[in-house]
Each structure stands twice: as structure tokens, then as C-alpha cells.
Amino acid sequence: MTDVAAERNTLSDLTQKLGVDIDPELLSLALTHRSWAYENGQVPHNERLEFLGDSVLGLAVTVRLFTGHPELEEGALAKRRASVVSTVALAEIARGIGLGAHLKLGRGEILTGGRDKDSILADTMEAIFGATYLSNGSDAATGLVLRLVEPLLADPERYGAAMDPKTALQELAAHAGLLPPAYEVTSTGPDHDRRFTATVTVGELSAEGAGTSKKHAEMAAALTAWRALSGRA
């Protein structure tokens, strides 16, 4: 199978998961990180689409919150929007559709775990929203956004916690009369591809999380523990 045919197959798989047809060239561009572009002769990358998609995402979520929650004041609406469009929330959406496997990354990013970095996954999701807008117009792009973020909109506290899981877990533990969370972190692998695993203990509950840094591993463990402790596992 040629590289072109292989890419066409993987793009087809992704569009099925997204549930919307996107122009193949635009979708390929949306998946192209600047690191890949740099290593392949400064070809175009996805940052312009990301810029557009950020606005598509923001408007879709803002209108949905405004029309769906007439009881909420401006401050509460802004807080919910921030949690839904956060890097952590978008990265979780991206992982849910297996986006990391489709990313076009440079060798350096691949070696440092770029396929699972929150920032890269979130930026690529925004680029996909931008590509959808250019391919199919506003209604299709808004539909895609709302279809993917609906679980977040239905449970805003969960993704508010995702923005700062260690603080959220500490507050939940205090509310439950438990001692503050305790973390232990181990690491494996060579320096250029270090993987960290964190274990957090809260009362009788223990949870693990992994990441490319100690901080990310602790955040992942804290979010898992928060979900379990709050009944959102």
C-alpha cells in the first residue's frame, strides 16, 4: 500500500468516528503539527485552522450555554464555558476518538510522547473544527462541536475538576473529612522518552495516572481519584 493510500484509509477511519465528511486535504492539514511541517520542508501546518476552530468552538459552546441555561448569570456561564473548552477537556475528547494515532508529528515530538500531549491533542481538535467549517459550513461545524462536547456540558463539574484536578481532589477530600491526598511517583524509560506513573491515596482509595512528566502523571491520578470519590468513575 502506498503512503497516499495509507493516509486515505486512516483519514476515512477518522471521519467515520467524527461522523462528518471533511475535505481530505483540509483534514490532513488539520492533523499536521508544526514539528512535522518543519522536518518536511516548511510545508503548511494546522495553526491557521486551529485559530479558526477556536472561534467555531467558542461560539458553539457559548450559544448552547446561553440558550440552554437561562437561569445562569454571566459569571456561571463563563465558568462552564472555560471548563468545556479547556485544553484538558478537549484532549479527553481527542483521546476518545483515538486522535493521537492520526497526528502528523516530527520525530522529536514522537519521541517525547507528542501523540498523548494535552496541548497537541487540544490544538488539533480545534483545527478539525476549523476544517469542518471550511468544508461544510457553520451548521455542520457547530453540530460536530456540540456532538463531541455534550457529555462535558451535561456534567460541568467533572471538567471543571479536569482543569485543576489536584485542587479539586483536595477540596473533595476535605469535604469528606479525609486527610489530604498523598502522591508517590515512579518513572521508567530513557531520558528522551521518560514515562512517569503517579499513585495517589485518599482515605482507603488509591488511583494511578501516567504522563510524560511528574506533574502530568499526578494530575492524571488526581482526576481518576476525583471521579471515583465523586461517583463519576
Side-chain angles (χ1 to χ4, degrees), residues 3 6-7 9-11 13-14 17-18 26-54 57 83 85-131 148 152 159 161-169 181 183-200 207-227:
D3 290 344
E7 182 177 11
N9 282 344
T10 192
L11 292 182
D13 177 60
L14 181 58
K17 292 178 180 178
L18 293 170
L26 283 173
L27 181 55
S28 179
L29 179 60
L31 298 170
T32 303
H33 187 255
R34 64 161 48 239
S35 61
W36 192 93
Y38 177 79
E39 291 183 8
N40 288 270
Q42 298 287 10
V43 298
H45 51 75
N46 64 8
E47 290 182 5
R48 281 176 54 84
L49 285 176
E50 175 197 338
F51 172 78
L52 175 61
D54 177 67
L57 169 67
S83 69
V85 303
S86 70
T87 295
V88 173
L90 290 176
E92 183 159 328
I93 290 173
R95 292 188 182 97
I97 60 174
L99 185 61
H102 302 281
L103 300 178
K104 297 167 72 173
L105 300 174
R107 287 167 293 180
E109 282 294 350
I110 292 173
L111 289 173
T112 56
R115 295 194 185 280
D116 196 46
K117 285 184 181 178
D118 282 1
S119 58
I120 292 177
L121 290 170
D123 290 347
T124 306
M125 281 307 314
E126 290 182 338
I128 287 174
F129 296 148
L148 292 175
L152 287 67
Y159 292 92
M163 296 176 68
D164 189 359
K166 294 183 70 174
T167 298
L169 179 60
Y183 295 86
E184 292 186 5
V185 181
T186 60
S187 62
T188 58
D191 289 342
H192 70 269
D193 189 21
R194 207 78 173 155
R195 298 293 295 179
F196 294 83
T197 300
T199 301
V200 61
E208 286 191 354
T212 55
S213 70
K214 178 182 176 182
K215 176 182 176 181
H216 287 158
E218 288 183 343
M219 289 175 64
L223 185 57
T224 298
W226 182 90
R227 288 172 178 164

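Remember, predicted model here, so these are calculated numbers, not experimental data. Note that these values count all heavy atoms, side chains included, but never hydrogens, waters or copies made by symmetry.
Expressed to the nearest 0.5 Å, how far CG of Leu103 lies from NZ of Lys117 amounts to 11.5 Å. For the atom pair CG of Leu31 and CG of Leu105, the computed distance is 9.5 Å after rounding to the nearest 0.5 Å. Rounded to the nearest 0.5 Å, atoms CD (Glu218) and CD (Glu184) are 11.0 Å apart. Residue Thr167 holds its OG1 atom at 13.0 Å from CH2 of Trp226, rounded to the nearest 0.5 Å. The line from NE2 of His33 to CD of Glu39 is 11.0 Å long, rounded to the nearest 0.5 Å. Note that CD of Glu92 is 6.5 Å distant from CG of Leu223, once rounded to the nearest 0.5 Å.
Surrounding CD of Glu47 are more than 12 heavy atoms belonging to other residues, nucleotides or ligands, all under 6.0 Å away. Applying the 6.0 Å contact sphere to CZ of Arg48 captures no more than 12 heavy atoms from other residues, nucleotides or ligands. The 12-atom threshold is not exceeded at NZ of Lys215, counting heavy atoms of other residues, nucleotides or ligands nearer than 6.0 Å.
Contact between Leu99 and Leu121 at its shortest, heavy atoms only, is CD2-O, 4.0 Å. Residues Lys104 and Trp36 come closest through the heavy atom pair O-CB, 3.1 Å. When all heavy atoms are compared, the tightest approach of Ser83 to Ala89 is O-CB, 3.4 Å. Of all heavy-atom pairs between Ala217 and Phe196, the closest is CB-O, 3.6 Å. Closest heavy-atom contact between Ala220 and Ala210: CB-O, 3.8 Å. For the pair Ala198 and Ala221, the tightest heavy-atom approach, listed with the atom from each and the gap, is O-CB, 3.6 Å.
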Practice problem: May I have the step-by-step check of side chain to side chain contact (heavy atoms under 4.5 Å, CB included) for Met125 and Leu57, ending in yes or no? | Solution: CA-CA 10 Å; Met125 281 307 314; Leu57 169 67; over 6 Å; no

Exercise. Could you go through the side chain to side chain contact (heavy atoms under 4.5 Å, CB included) check for Asp123 and Asn46 one step at a time?
Key: CA-CA 9 Å; Asp123 290 347; Asn46 64 8; 5.6 Å; no

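Residues satisfying the salt bridge (charged side-chain N to carboxylate O under 4.0 Å, His left out) criterion with Arg115, sequence neighbours excluded, are absent altogether.
Side-chain contact between Glu208 and Thr197 is present, with heavy atoms from C-beta onward closer than 4.5 Å. At a threshold of 4.5 Å between non-hydrogen side-chain atoms, the residues Pro44 and Leu29 count as touching. Residues Ile93 and Leu152 meet the side-chain proximity criterion, which asks for heavy atoms closer than 4.5 Å. Side-chain contact between Leu11 and His102 is absent, with no heavy-atom pair separated by less than 4.5 Å.
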